[in-house]
Amino acid sequence: MAPRTRQAERRRQVLTRERIIETAVELLDAEGEDALTVRALTGRLATGSGAIYWHIGNMGELLEAATEAVVAAALDARPTETGRARESDRARETGRARGAAGARGAVGTPQDDIRAVALGLFDAVTAHPWLAGQLAIQFTRNPWGPVTLRIFESIGRPVRALGVPRADWFTTASALVHYLLGATTQTRRHAGDDTAPASEAERAAFLDTASSAWQELDPDDYPFIRAIAEQMRDHDDREQFLTGIDLVLTGITTLHPAPMPPAGTRSR
């Protein structure tokens, strides 16, 4: 009996909450939420269901923990100074800076911090298609939970640093968060959804078909749609997402311009 006891103890030592969450994320990425079951976890982890419940609780708690882990990693992986500068350079090259000149600033500004949070979450949803739905659930059903708090705090601090009046903090941060959640949801591809493009080649073919259909519309009924048909064909989802963030930031800084320094004060 002694060898079996030592083997069971080693198994319990190896099985940790972090390992269960990591395995859950792998299952979610590969097959979606329906694949995340106790049976699937016990099979992958070579353990019993009791050990799973001991570390995590129920499946709802595990989903929340997996969401929090992915969000935390996305927010901690902020772009470097070089990466931020590259984003600004790319924006200027594509002409987006013209419309967002008031929102953009030097590297390391509150605007850059907001973009870093937004792009981190956008990339996380792209890498983990199940994440967008879980973010929406956390924000609507669990606003006091760690996921909502972490994202709101990451957006709210730079909003405050922009000089937005305290009375407008919640509304301003909410506008950014709502845009962020809505836009990232469009990048989600459900597991088993064969109608959504699964690769860049499929995406290009899909956009080509849609663009061609737009160009064939009646010009009297749809003059605007026909005019942007070619732009839609060639658009980049990530760049389009960042453009939306810049539009919101431009609105914020226009409504709440930074105070001018007192006359006679030298800038340092």
Side-chain angles (χ1 to χ4, degrees), residues 28-33 70 74 77 79 82-105 111-112 114-136 155 175-254:
L28 289 165
D29 289 348
E31 303 178 54
E33 292 183 29
V70 172
T82 301
R84 287 176 176 175
R86 188 179 296 117
E87 288 289 350
S88 294
D89 291 343
R90 190 186 335 177
R92 292 185 179 90
E93 289 171 3
T94 56
R96 288 185 292 106
R98 180 183 305 174
R104 289 194 182 279
Q111 292 94 327
D112 288 311
I114 290 171
R115 292 188 199 96
V117 171
L119 287 174
L121 291 173
F122 181 90
D123 291 341
V125 168
T126 302
H128 309 279
W130 55 271
L131 181 61
Q134 281 303 307
L135 289 178
I155 291 291
L176 280 161
V177 170
H178 289 162
Y179 168 77
L180 191 157
L181 293 178
T184 53
T185 298
Q186 296 182 39
T187 70
R188 178 176 54 176
R189 181 177 186 269
H190 297 278
D193 182 5
D194 296 329
T195 63
S199 66
E200 284 301 316
E202 289 185 14
R203 177 182 180 276
F206 177 83
L207 292 178
D208 182 70
T209 299
S211 176
S212 297
W214 281 15
Q215 289 174 326
E216 294 174 2
L217 292 171
D218 189 318
D220 294 327
D221 293 335
Y222 301 98
F224 179 78
I225 296 295
R226 283 173 54 92
I228 65 170
E230 196 62 36
Q231 297 175 24
M232 187 269 285
R233 185 199 307 271
D234 299 327
H235 86 277
D236 178 88
D237 289 335
R238 198 169 186 269
E239 290 291 343
Q240 179 178 287
F241 172 74
L242 187 57
T243 297
I245 291 292
D246 286 337
L247 289 171
V248 178
L249 286 174
T250 299
I252 292 172
T253 53
T254 300

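FYI, the numbering just counts along the sequence from 1.
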Return the [atom1] to [atom2] distance between [X] and [Y], rounded to the nearest 0.5 Å.
{"X": "L135", "Y": "L180", "atom1": "CG", "atom2": "CG", "value": "8.5 Å"}
{"X": "E230", "Y": "M232", "atom1": "CD", "atom2": "CE", "value": "9.5 Å"}
{"X": "D246", "Y": "R115", "atom1": "CG", "atom2": "CZ", "value": "4.5 Å"}
{"X": "H235", "Y": "D237", "atom1": "NE2", "atom2": "CG", "value": "4.0 Å"}
{"X": "L176", "Y": "L249", "atom1": "CG", "atom2": "CG", "value": "6.0 Å"}
{"X": "D112", "Y": "L119", "atom1": "CG", "atom2": "CG", "value": "10.5 Å"}

Main chain of [Y], side chain of [X]: is a donor-acceptor contact present, judged purely on distance under 3.5 Å?
{"X": "R226", "Y": "L217", "value": "yes"}
{"X": "Y179", "Y": "F241", "value": "yes"}
{"X": "T184", "Y": "F122", "value": "no"}

Please walk me through it: do Q134 and L28 pass side chain to side chain contact (heavy atoms under 4.5 Å, CB included)? CA-CA 11 Å; Q134 281 303 307; L28 289 165; over 6 Å; no
Looking only at non-hydrogen atoms, find the nearest pair between A132 and V125 and report the distance.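 Residues A132 and V125, closest heavy atoms: CB-CG1, 3.8 Å.
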Nearest heavy-atom pair of A74 and A124: which atoms, and what distance?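 What the structure gives for the nearest pair is CB-CB, 3.8 Å.
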Min side-chain heavy-atom separation R238-D123 under 4.5 Å: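 R238 vs D123: side chains touch.
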